[in-house]
Enquirer: 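Next up is a structure, given as structure tokens.
Within every chain, numbering begins at 1; the chains are lettered A, B, ... in the order of the sequence lines, protein sequences first and strands thereafter.
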Amino acid sequence: MPELPEVETVVRDLRPMLIGKRLAAIRRSKHQLRTKWSNAWEPRLIGSRIDAIRRRGKWILIDLQPQGLFVVHLGMTGQLTVTPCATPLENHVHLVCDLDAGAEQLRFRDIRRFGSATYHDDETAWNSAHAEDLGPEPFDLTALAFRQSLSRTDRCVKAVLLDQSVVAGVGNIYADESLFAARINPHRLGSDLSSGEAELIRRAIVRVLTRAIKYRGSSIRNYVGGSGLKGKFQNEFSVYGRTGEPCRRCQTKIERVRLAGRSTHYCPNCQKV
DNA sequence: ACAGGATCCTGGGGGC
DNA sequence: TGCCCCCAGGATCCTG
């Protein structure tokens, strides 16, 4: 579910509620998340103080004092919120951290359990736990690097945008929305795009993501921000989820195809092959 | 080496 | 109402 704008919204929401708080106690559901929980983490986590909370791609990084990194990925249906302890526990809550000096707790709810929560001694340890390196943030991606990533692959451009090692944080919604904004057909092969077209796409990604963050992300099913509030960008979609509806630019019906294993939405007139 | 498909889960919606 | 099938914002492992 959550792509860069949603994760960024969660992080911004949580920051004022979490910074300086101490993790007092941790409780877990009987289910494992995508990554197996280690009991050895608990003495590290309990008693530590939250120093900072930041986003890297779709990952949420919580820096701890005196040391350590608590890393959360929301997967498809993850919700990371600060909630009053008095609020009854929702179903599918897999992790609860009591926060001292307050009547609130950090809750991780994840219906499909594709998300993960892990502890690492430092950022280096977290980095090395990943097989593939995360690519640059979209806002730091240079025209040259992006052009090269496209030119040396035979995958379609939609697949390239979903590749987290090319650019971190873009998912299915914002890949489709960015390609529409750039007026590039998602079937086009990376190696077939000109540098001018690559630059149109890169700028469209930055523009679309920036706008989506302003709207607090997109809530289609399960996504909520760090305080439980939904996003509003789903009302602004040009193509995602608009199959059969008229293109906002030319009235042509939006089409849906399957690309790179994901449903892909585009306007066949605005985004010609 | 690389591209594509299957897989991990639960729940909602449509068709019958 | 119920059942069955398909679909869903992601990452990773396996195969050809």
Side-chain angles (χ1 to χ4, degrees), chain A residues 1-10 29-37 55-60 71-80 90-94 108-118 126-135 138 149-179 186-192 205 208-209 212-213 215-225 230-237 239-244 256-265:
Chain A
M1 91 190 221
E3 306 180 29
L4 187 150
E6 291 76 33
V7 178
E8 178 65 25
T9 301
V10 169
S29 75
K30 61 180 178 188
H31 295 289
Q32 292 286 347
L33 294 165
R34 165 166 261 283
T35 312
K36 204 174 168 196
W37 183 265
R55 179 192 59 74
R56 178 77 177 91
K58 300 172 194 170
W59 299 85
I60 298 169
V71 180
V72 174
H73 195 293
L74 301 177
M76 295 272 256
T77 52
Q79 303 176 339
L80 190 65
E90 307 87 341
N91 55 2
H92 305 294
V93 173
H94 299 296
F108 185 36
R109 176 172 190 247
D110 188 358
I111 296 167
R112 291 174 72 182
R113 277 183 269 144
F114 287 0
S116 68
T118 51
W126 174 63
N127 278 327
S128 58
H130 286 266
E132 283 192 344
D133 288 34
L134 262 189
S149 291
L150 286 166
S151 65
R152 35 168 177 245
T153 185
D154 288 332
R155 298 137 92 197
C156 62
V157 60
K158 166 71 184 263
V160 178
L161 294 192
L162 293 177
D163 184 340
Q164 300 299 296
S165 70
V166 171
V167 54
V170 177
N172 207 34
I173 293 177
Y174 299 106
D176 284 3
E177 292 297 315
S178 298
L179 288 174
H187 293 91
R188 297 278 303 280
L189 301 186
S191 53
D192 177 51
I205 292 170
V208 168
L209 293 177
I213 291 171
Y215 281 82
R216 297 180 47 84
S218 311
S219 288
I220 296 176
R221 291 177 181 77
N222 305 292
Y223 168 72
V224 294
K230 292 188 174 186
K232 289 193 160 33
F233 195 69
Q234 65 277 12
N235 305 317
E236 306 294 314
F237 289 162
V239 287
Y240 186 85
R242 297 194 64 242
T243 313
R256 184 173 80 118
V257 292
R258 200 140 193 101
L259 274 186
R262 315 295 299 277
S263 71
T264 299
H265 313 72

Enquirer: If the condition is side chain to side chain donor-acceptor pair (under 3.5 Å), which residues does A/Tyr174 pass it with, not counting sequence neighbours?
Expert: A/Glu6, A/Ser218
Enquirer: As a test of understanding, state which of A/Arg55, A/Arg216, A/Lys58 forms a side-chain hydrogen bond (donor to acceptor under 3.5 Å, both in side chains) with A/Glu8.
Expert: A/Arg55
Enquirer: Could you give the distance separating B/dC9 and C/dC13 at their P atoms, to the nearest angstrom?
Expert: 15 Å
Enquirer: If we only count heavy atoms from C-beta on, is the A/Ile173 to A/Phe233 side-chain gap below 4.5 Å?
Expert: no
Enquirer: Please tell me which of the listed nucleotides, B/dG4, B/dC8, C/dA11, lies nearest to the side chain of A/Phe114?
Expert: B/dC8
Enquirer: Please report the distance, rounded to the nearest Å, between CD in A/Glu6 and C1' in C/dG10.
Expert: 12 Å
Enquirer: Would you mind telling me which of A/Leu162, A/Val239, A/Val257 makes a side-chain contact (heavy atoms from CB on, under 4.5 Å) with A/Thr264?
Expert: A/Val257
Enquirer: Tabulate protein N/O versus nucleotide N/O from nucleotides 10-12 of chain B, keeping only pairs under 3.5 Å, one per line.
Expert:
from	atom 1	to	atom 2	distance (Å)
B/dT10	OP1	A/Arg113	NH2	2.8
B/dT10	O3'	A/His92	NE2	3.3
B/dG11	OP1	A/His92	NE2	2.7

Enquirer: Please state how far atom OH in A/Tyr223 lies from atom C1' in C/dG9, giving the value in whole angstrom units.
Expert: 11 Å
Enquirer: Could you walk me through whether A/Phe108 and A/His94 satisfy the ring pair (Phe, Tyr, Trp, His ring centres under 6.0 Å) test, starting with their C-alpha distance in whole Å, then the side-chain angles of each, then the deciding distance to 0.1 Å, before giving a yes or no?
Expert: CA-CA 6 Å; A/Phe108 185 36; A/His94 299 296; 7.3 Å; no
Enquirer: Does a nitrogen or oxygen in the side chain of A/Lys58 sit under 4.0 Å from OP1 or OP2 of C/dG10?
Expert: yes
Enquirer: Check whether any side-chain heavy atom of A/Thr153 sits under 4.5 Å from a side-chain heavy atom of A/Asp163, and report yes or no.
Expert: no
Enquirer: Once you round it to whole Å, what is the distance between C1' of B/dC8 and CG of A/Leu33?
Expert: 12 Å
Enquirer: Run through A/His265, A/Arg262, A/Lys158 and flag the one making a side-chain contact (heavy atoms from CB on, under 4.5 Å) with A/Pro186.
Expert: A/Lys158
Enquirer: Whole angstrom is fine here: how far is it from CG in A/Leu162 over to P in C/dA8?
Expert: 13 Å
Enquirer: Counting any heavy atom closer than 4.0 Å, what does A/Thr153 reach on the DNA or RNA strands: base, sugar-phosphate only, or nothing?
Expert: sugar-phosphate
Enquirer: I want to check one thing: is the phosphate of B/dG4, taken as OP1 and OP2, less than 4.0 Å away from some side-chain N or O of A/Arg155?
Expert: no
Enquirer: Show the nearest heavy-atom pair for residues A/Ile213 and A/Thr9, with the distance to one decimal.
Expert: O-OG1, 4.4 Å
Enquirer: Under 4.0 Å, heavy atoms only, any strand: does A/Thr35 hit a base, just the sugar-phosphate, or nothing?
Expert: nothing
Enquirer: When we call it a touch if two heavy atoms are under 4.0 Å apart, what does A/Asp110 touch: a base, just sugar-phosphate, or nothing?
Expert: nothing
Enquirer: So, do A/Asn172 and A/Ser263 sit near enough that their side-chain heavy atoms are less than 4.5 Å apart?
Expert: yes
Enquirer: Which is true for A/Arg152 with a 4.0 Å heavy-atom rule: it touches a base, it touches only sugar-phosphate, or it touches nothing?
Expert: nothing
Enquirer: Tell me: NZ of A/Lys232 to P of C/dG9, nearest whole Å?
Expert: 22 Å
Enquirer: Rounded to whole angstroms, how far apart are CD on A/Gln164 and P on C/dG9?
Expert: 14 Å
Enquirer: If we only count heavy atoms from C-beta on, is the A/Trp37 to A/Gln32 side-chain gap below 4.5 Å?
Expert: yes
Enquirer: Base, sugar-phosphate, or nothing: which does A/Gly261 touch, judged by heavy atoms less than 4.0 Å apart?
Expert: nothing
Enquirer: With respect to the phosphate group of C/dG9, does any side-chain polar atom (N or O) of A/Ser263 fall under 4.0 Å of OP1 or OP2?
Expert: yes
Enquirer: One thing to verify: whether A/Arg34 and A/Asp110 come together as a salt bridge, which I'm taking to mean a side-chain N less than 4.0 angstrom from a carboxylate O.
Expert: no
Enquirer: Provide, to the nearest angstrom, the distance between the CD atom belonging to A/Gln32 and the C1' atom belonging to B/dC9.
Expert: 14 Å
Enquirer: Does A/Tyr174 have a side-chain nitrogen or oxygen under 4.0 Å from the phosphate oxygens OP1 or OP2 of C/dG9?
Expert: no
Enquirer: Under a 3.5 Å cutoff on both atom distances, Watson-Crick or G-U, what's the dot-bracket for DNA chain C ([ ] crossing, | other strand)?
Expert: .|||||||.|||||||
Enquirer: Using whole Å, report how far CG of A/Asp163 lies from C1' of C/dA11.
Expert: 11 Å
Enquirer: Using the P atom as the point on both nucleotides, what is the distance between C/dG9 and B/dG13, in whole Å?
Expert: 16 Å
Enquirer: Say you pick atom P in B/dG5 and the same atom in C/dC7; how far apart are they, in whole Å?
Expert: 14 Å
Enquirer: Side-chain N or O of A/Arg258 versus OP1/OP2 of C/dA8: is the shortest distance under 4.0 Å?
Expert: yes
